[in-house]
Q: 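The structure follows.
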Amino acid sequence: MIAAANNFGVVNHPNRLYHNNGDGSFTRIKMPGLTDTLAPFTIPTWNDFDQDGDMDLFIGTGPGGSTALDNLYKNMLKETGTATLVRLDLPPLSIH
């Protein structure tokens, strides 16, 4: 996953997602809402947040103080047999 921090300097393109083919090569994956969207995406992190055995994706947004929402994508591999990322809607967090 290559996150595109749009409006940070000269960045003005969508995220890029690649699948590792296991032979030293990669295939570019197109995923609506993730690889066709311009937003201030910053740091992608892969983690199995729901502990179902497949890797889910969290992407923070920025810069600090930005009103853009962070993004959490659930990997549906365990549920459907196909590695598809589904965006979960998260309420904004308020730190007091």
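What you see is a predicted model, and the numbers here were worked out from it, not measured in a lab. Below, all heavy atoms of this structure are taken into account, side chains as well, without hydrogens, waters or symmetry copies.
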Q: Going by side chain to side chain contact (heavy atoms under 4.5 Å, CB included), name the residues that satisfy it together with A3, two or more places apart in sequence or in a different chain.
A: N15, F41, P44
Q: Spell out, as yes or no, whether a donor-acceptor pair under 3.5 Å connects the side chain of N6 to the backbone of H13.
A: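 Here the side-chain-to-backbone pair exists.
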Q: Report yes or no: does T84 contribute a side-chain atom to a donor-acceptor pair with the main-chain N or O of M76 at less than 3.5 Å?
A: no
Q: Sequence neighbours left out, what pairs pass salt bridge (Lys or Arg N to Asp or Glu O under 4.0 Å) with at least one residue falling in residues 1-29?
A: none
Q: Rounded to the nearest 0.5 Å, what separates atom CH2 in W46 from atom OH in Y73?
A: 10.5 Å
Q: Can you give me every donor-acceptor pair (side chain of residues 29-36, partner residue at least two apart or in another chain, under 3.5 Å) with its distance?
A:
residue : atom : partner : partner atom : Å
T35     : OG1  : M31     : N            : 2.7
T35     : OG1  : M31     : O            : 3.1
D36     : OD1  : G33     : N            : 2.7

Q: Per the salt bridge (Lys or Arg N to Asp or Glu O under 4.0 Å) rule, what does the pair list look like for residues 47-57, sequence neighbours excluded?
A: D50-K74, D52-K74
Q: For T27, check side chain to side chain donor-acceptor pair (under 3.5 Å) against everything at least two apart and list the hits.
A: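 For T27 the side chain to side chain donor-acceptor pair (under 3.5 Å) partners, ignoring immediate neighbours, are N21.
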Q: Say you draw a straight line from CG of L85 to CD1 of I59; how long is it, rounded to the nearest 0.5 Å?
A: 8.5 Å
Q: Please test F58 against I43 for side chain to side chain contact (heavy atoms under 4.5 Å, CB included), starting from the C-alpha separation and ending with a verdict.
A: CA-CA 8 Å; F58 175 82; I43 302 170; over 6 Å; no
Q: Taking the side chain as every heavy atom from C-beta outward, state whether M55 and L77 have any atom pair closer than 4.5 Å.
A: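 No, every pair of side-chain atoms sits at 4.5 Å or beyond.
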Q: Apart from I2 itself, what residues make up its hydrophobic cluster, given side-chain heavy atom links below 4.5 Å?
A: Y18, F26
Q: Decide yes or no on side chain to side chain contact (heavy atoms under 4.5 Å, CB included) for L72 and R87, but give the supporting numbers first.
A: CA-CA 6 Å; L72 180 60; R87 186 174 185 276; over 6 Å; no
